[in-house]
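In what follows, every heavy atom counts, from backbone to side chain, and hydrogens, waters and symmetry copies are set aside.
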Number of protein chains: 2
Amino acid sequence: MAINSDLTRGVAEPIILKLLADRMMYGYEIIREVNLKSNGEFEWKEGSLYPCLHKLEAQKLIQSEWILCGSKQRKYYTITVEGMRAMEAKTEELKTFANTLAMMMA
Amino acid sequence: MAINSDLTRGVAEPIILKLLADRMMYGYEIIREVNLKSNGEFEWKEGSLYPCLHKLEAQKLIQSEWILCGSKQRKYYTITVEGMRAMEAKTEELKTFANTLAMMMA
DNA sequence: TTGACATACATAGATTGACTATGTATAATT
DNA sequence: AATTATACATAGTCAATCTATGTATGTCAA
C-alpha cells in the first residue's frame, strides 16, 4: 500500500538527514530502514536514494567514507554541522506543510 | 513564507476537489481562495492551476460551464460523482502520508 | 480619456526530483 | 554451481510544477 510518489517528493532529504542525525549509515541500510520504519508506505529504491545522497554530499550536508566491514566495502554517511541546521529548517517546513494541509482538507 | 514546491506536488488535485465539493468555483477564484485559506503558505499561480483543472476535467472528476456574470464570462467548475469518490480516496492517502511522515520525523 | 492595474483564461518551454532499467561486484545460501 | 541478497552506481524517462508570455475585459484614478 505505497503512497503516490508525487506526495513523497521533497521528503527524502529531510528523512535522510534525520536518520543520519542519529547515527552513521550506509545507503543500502537507509533504504531498508525507511521501508521498514514506514511500515511499507515508503518503498524506496536504489535509483531514488543514491542520486539523493550524492546531491546532499555535493551540498556538504552529509559526508561519506568507505569502511571495510568484514570483507565488504561500505560507504558510510555522516551528517555535517551544516546538515544539522538544514535538517532543522526542513523539519520546520514539513510541520508547517502538514498543518496547512490538514487545515485545507478538514 | 511559502512552502517549497517539491512538497506541495501532489496536493493540488485533492485540494481542488475538496473545494469544489462545497460549491462551484471558477479558476481564478480557486487561486485566491487557496492562497488566502493557507495564510500565504501556498502561492498558487495560474500556470499551475489551469493545466491541473484541465487534467481533472479530462479525467471526468470535474466538469465546467461558462457562466455570464454581469458582463464577464467565467468558467465555473463543479465536482462529479466520480470526483467525490476520488476526493475521498486521495484524502485518505494524504492522511496516511501525513501520519507516516510525522512518525518518521518524530 | 487614457494609462495602470486587477480580473480571467490559456499554453509553450524549462526545471527537477523520482522512477525504470540496467550494470558491476561480492557474499551468502541452497 | 547456481541463485539470491547485498551494495554501489547511473543513463534515460516521466510528470507535475513554475516561469514567462499572451489575449481580452473591467475598473479606477489622474
With sequence neighbours excluded, tell me which residues meet ring-ring contact (aromatic ring centres under 6.0 Å, His included) with B:Tyr50. none
Please work out if A:Gly70 contacts a base, only the sugar-phosphate, or nothing of the nucleic acid, heavy-atom cut-off 4.0 Å. nothing
Rounded to the nearest Å, what distance is computed from the CZ atom of residue A:Phe42 to the P atom of nucleotide C:dC19? 11 Å
Note: for A:Gly10 and A:Ser71 on DNA chain C, the residue whose nearest nucleotide lies more 5' is A:Gly10
Can you measure A:Asn4 atom CG to C:dC19 atom C1' for me and round it to whole angstrom units? 12 Å
Show me the donor-acceptor pairs within less than 3.5 Å that the side chains of residues 6-15 of chain A make with the rest of the protein, sequence neighbours left out.
residue : atom : partner : partner atom : Å
A:Thr8  : OG1  : A:Ser5  : O            : 3.1
A:Glu13 : OE1  : A:Lys90 : NZ           : 3.1
A:Glu13 : OE2  : A:Lys55 : NZ           : 2.7

Report the distance from atom NZ of A:Lys45 to atom P of D:dA5, rounded to the nearest whole Å. 15 Å
Between P on D:dA16 and CH2 on B:Trp44, what's the gap in Å once rounded to a whole number? 14 Å
Rounded to whole Å, how long is the line connecting atom CD of B:Glu43 with atom P of D:dA16? 22 Å
Of all heavy-atom pairs linking B:Ala21 and B:Ile79, the shortest is CA-CG2, 4.0 Å
Hey, quick one: are A:Tyr28 and A:Ile67 part of the same hydrophobic cluster, counting side-chain heavy atoms closer than 4.5 Å, chains of contacts allowed? yes
Take the protein atom CD of A:Gln59 and the nucleotide atom C1' of C:dT16, then report the distance between them rounded to whole Å. 13 Å
Qualifying residues under ring-ring contact (aromatic ring centres under 6.0 Å, His included), relative to A:Tyr77, sequence neighbours excluded: none
With B:Phe97, which residues qualify under ring-ring contact (aromatic ring centres under 6.0 Å, His included), at least two apart? none
Please determine whether residues B:Met84 and B:Tyr76 belong to a single hydrophobic cluster, defined as Ile, Leu, Val, Met, Phe, Trp and Tyr linked transitively by side-chain heavy-atom distances below 4.5 Å. yes
May I have the step-by-step check of salt bridge (charged side-chain N to carboxylate O under 4.0 Å, His left out) for A:Arg74 and A:Glu65, ending in yes or no? CA-CA 8 Å; A:Arg74 285 171 179 159; A:Glu65 53 186 314; over 6 Å; no
Would you kindly give the CD1-to-P distance between B:Ile31 and C:dA6, to the nearest whole Å? 15 Å
Any Lys/Arg nitrogen of B:Glu29 or B:Arg23 sitting under 4.0 Å from an Asp/Glu carboxylate oxygen of the other? yes
Go through residues 14-22 of chain B and report each residue with a non-hydrogen atom lying under 4.0 Å from DNA chain D, sorted by number. none
Sugar-phosphate atoms are those with a prime plus P, OP1 and OP2; base atoms are the rest. Using that split, label each nucleotide of nucleotides 6-15 of chain D B, S or - for protein heavy atoms under 4.0 Å, 5' to 3'. BBBBB-----
